[in-house]
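All remarks here apply to the structure that follows.
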2 protein chains.
Amino acid sequence: MTPPEMPAEHAILGLLSLDDGAGHGYDLARHFGEGQPLGGVLRLEPGMLYHHLKKLERAGWLTSTVEPQGSRPPRQVYRITDAGRGELSRWLREPVAHTREIRLEFLVKLYFARRFDPALAARLIAEQRETCERLKQSLASQLASLDAAEPEDGQTFSRLVLELRLAQTRAAIEWLDRAASS
Amino acid sequence: MTPPEMPAEHAILGLLSLDDGAGHGYDLARHFGEGQPLGGVLRLEPGMLYHHLKKLERAGWLTSTVEPQGSRPPRQVYRITDAGRGELSRWLREPVAHTREIRLEFLVKLYFARRFDPALAARLIAEQRETCERLKQSLASQLASLDAAEPEDGQTFSRLVLELRLAQTRAAIEWLDRAASS
DNA sequence: GGGATCATGTAACAGGTTACATGATTCA
DNA sequence: TGAATCATGTAACCTGTTACATGATCCC
């Protein structure tokens with residue numbers, strides 16, 4: 001489970017959890033459109049949304065029932081399970097491992113953490129900051145050992161790569177500090 | 001062709017172009033391993049590499065011939081075509097559209113631009129800087145219009161999203177400025 | 001009557017990841 | 001004898017994108 005951790009599926013769990021634990025596809029879809037705060041971070045087309053709902057049900061994190069609507073087409077109503085709530089809160093407590101995941105997955109975590117509980121959001125931000133700080137140290141030491149070795153072909157390029165990562169990580173840390181005080 | 005532009009395939013074109021225009025899969029694979037400068041940016045498993053080689057041949061950017069080796073297994077030798085060289089140089093002159101693409105695609109472009117011609121690298125960096133600068137202005141104005149509107153629910157979160165993008169874009173610009181002078 | 005909205009999907013395709021298959025040869 | 005290297009791939013699986021299919025109802 002190290003690589004992606006699927007932010008889309010956790011976002012669905014989060015929305016259902018905020019919304020009394022239940023909802024249907026069409027309703028959830030609105031949150032992932034333009035103009036919506038979540039839509040500014042994570043775009044989800046209807047096709048993928050329905051796909052994720054089925055996957056979450058297979059995983060035991062949702063259950064579904066059909067609700068006839070009379071005139072309207074019947075709704076497939078999904079309800080989050082205890083296992084689903086457990087998975088959601090586990091996910092909300094873990095910072096992301098890589099700087100590149102901050103743009104998408106961390107922002108989604110932050111969105112829900114803030115809505116659930118400001119203290120949870122504060123802890124998440126603090127732990128993400130620590131993770132980034134460790135990464136920064138690691139990158140800095142890699143840079144130092146590059147400088148210590150004798151100059152090789154391609155060494156200038158490798159330094160540029162490390163410097164870019166370092167710059168992005170530093171920017172993330174500064175942003176996290178501002179995020180902590182809002 | 002707007003979204004990905006497949007850096008892996010252009011990297012293969014670039015390697016062949018540097019290496020007298022021809023090479024075989026196993027040989028190319030070494031450049032994408034650990035310790036190699038390109039491998040620090042773009043990891044390519046053998047399976048995907050051979051897949052890309054066939055795709056590039058279908059596109060007319062490579063041709064292939066079989067070279068028997070006597071004792072060793074025969075090699076499939078790929079040679080870059082004029083169309084392939086054209087595509088490569090087109091790609092090398094275009095900056096990437098989004099900040100998130102700098103980490104992978106722009107770095108690959110930069111790697112080859114530097115090896116082909118320092119002047120090409122300098123132009124690429126300058127154009128990428130302009131693209132980032134335009135992005136920065138756009139983000140800044142989006143932020144300003146958010147602040148001008150009356151406070152809504154979720155507006156704080158949307159501001160955080162924009163501030164993160166702005167911070168990452170600013171960091172990229174500063175890095176590009178350092179890259180220009182090395 | 002015609003378009004937007006409600007509501008749920010399927011199909012086709014593109015791309016990536018991991019693991020495995022094959023089989024000879026060179027080297028410790 | 002056994003591991004690493006040379007050399008090329010296939011298979012299964014997952015994620016994601018785009019477009020389309022269906023059919024009713026509400027509102028102008």
Side-chain angles (χ1 to χ4, degrees), chain A residues 1-12 15 22-35 39 41-59 62 64-78 98 100-101 103-105 108, chain B residues 1-12 15 22-35 39 41-59 62 64-78 98 100-101 103-105 108:
Chain A
M1 277 219 204
T2 306
E5 280 273 33
M6 5 238 123
E9 298 183 1
H10 288 90
I12 291 169
L15 285 173
H24 60 283
Y26 192 84
D27 196 39
L28 292 168
R30 267 189 291 259
H31 293 276
F32 298 105
E34 271 187 275
V41 173
L42 176 64
R43 216 45 81 74
L44 211 51
E45 302 305 316
M48 275 311 280
L49 176 60
Y50 288 109
H51 169 75
H52 286 310
L53 284 169
K54 297 210 155 175
K55 234 189 105 192
L56 289 166
E57 190 178 5
R58 279 201 302 277
L62 301 182
S64 74
T65 51
V66 179
E67 238 180 48
Q69 290 285 108
S71 66
R72 294 286 185 184
R75 288 172 177 165
Q76 195 75 27
V77 174
Y78 289 92
H98 307 290
R100 65 169 178 275
E101 293 161 347
R103 261 164 189 271
L104 208 160
E105 189 171 353
V108 176
Chain B
M1 277 220 204
T2 308
E5 280 275 31
M6 8 237 122
E9 298 183 2
H10 287 90
I12 291 169
L15 285 173
H24 62 282
Y26 193 84
D27 196 39
L28 292 167
R30 268 189 290 260
H31 293 276
F32 298 105
E34 271 188 274
V41 173
L42 176 64
R43 217 45 83 72
L44 211 50
E45 303 304 316
M48 275 309 282
L49 176 60
Y50 288 109
H51 169 74
H52 286 309
L53 284 170
K54 296 210 155 175
K55 234 187 106 193
L56 289 167
E57 190 177 6
R58 279 199 303 277
L62 301 182
S64 73
T65 51
V66 180
E67 237 179 50
Q69 291 284 108
S71 67
R72 293 287 186 184
R75 289 172 176 165
Q76 196 75 26
V77 174
Y78 289 92
H98 306 290
R100 65 169 178 274
E101 293 161 346
R103 262 165 189 269
L104 207 159
E105 189 171 351
V108 176

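All chains are named by letter (A, B, ...) in the order of the sequence lines, taking the proteins before the strands, and each is independently numbered beginning at 1.
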With the criterion being N/O to N/O and under 3.5 Å, what pairs connect the protein with nucleotides 23-25 of chain C, and how long is each?
none

Between B:Tyr26 and D:dC6, does any side-chain N or O lie under 4.0 Å from OP1 or OP2? yes

Only residue of A:Arg75, A:Glu57, A:Lys54 satisfying side-chain contact (heavy atoms from CB on, under 4.5 Å) with A:Ser64 is A:Glu57

Separation of A:Leu56 atom CG from D:dC14 atom C1', in whole Å? 15 Å

When you get a sec, tell me which of D:dT15, D:dT8, D:dG9 is the closest nucleotide to the side chain of B:Lys54? D:dG9

Using a cut-off of strictly less than 4.0 Å, decide whether B:Arg43 has a side-chain nitrogen or oxygen near OP1 or OP2 of C:dG16. no

d(B:Glu9 CD, B:Lys55 NZ) to nearest 0.5 Å is 4.0 Å

Please check the phosphate of C:dT5 (OP1 and OP2 only) for any side-chain N or O of A:Arg30 closer than 4.0 Å. no

Can you measure A:Glu67 atom CD to C:dC6 atom P for me and round it to whole angstrom units? 17 Å

Atom CZ of A:Arg75 and atom P of C:dT5 are separated, to the nearest Å, by 16 Å

Distance (rounded to the nearest 0.5 Å) between B:Leu49 CG and B:Arg30 CZ: 11.5 Å

Rounded to the nearest 0.5 Å, what separates atom NE2 in B:His51 from atom CD in B:Glu45? 14.0 Å

OP1 or OP2 of C:dG15 versus the side-chain N and O atoms of B:Lys55: is any pair under 4.0 Å? yes

Using a heavy-atom distance cut-off of less than 4.0 Å, which residues of residues 44-53 of chain B contact DNA chain D? B:Gly47, B:Tyr50

Could you check if a side-chain atom of A:Glu67 sits within less than 4.5 angstrom of a side-chain atom of A:His24, using non-hydrogen atoms only? no

Could you tell me, to 10°, how much the axis swings from one end of the helix from C:dG1-D:dC28 to C:dA28-D:dT1 to the other, five pairs per end? 20°

To the nearest 0.5 Å, what is the distance between CD1 on A:Ile12 and CE on A:Met6? 12.0 Å

Nearest to side-chain heavy atoms of A:Gln76, which nucleotide of D:dT10, C:dG9, C:dA7: C:dG9

Separation of atom CD1 in B:Ile12 from atom C1' in D:dT8, rounded to whole Å: 14 Å

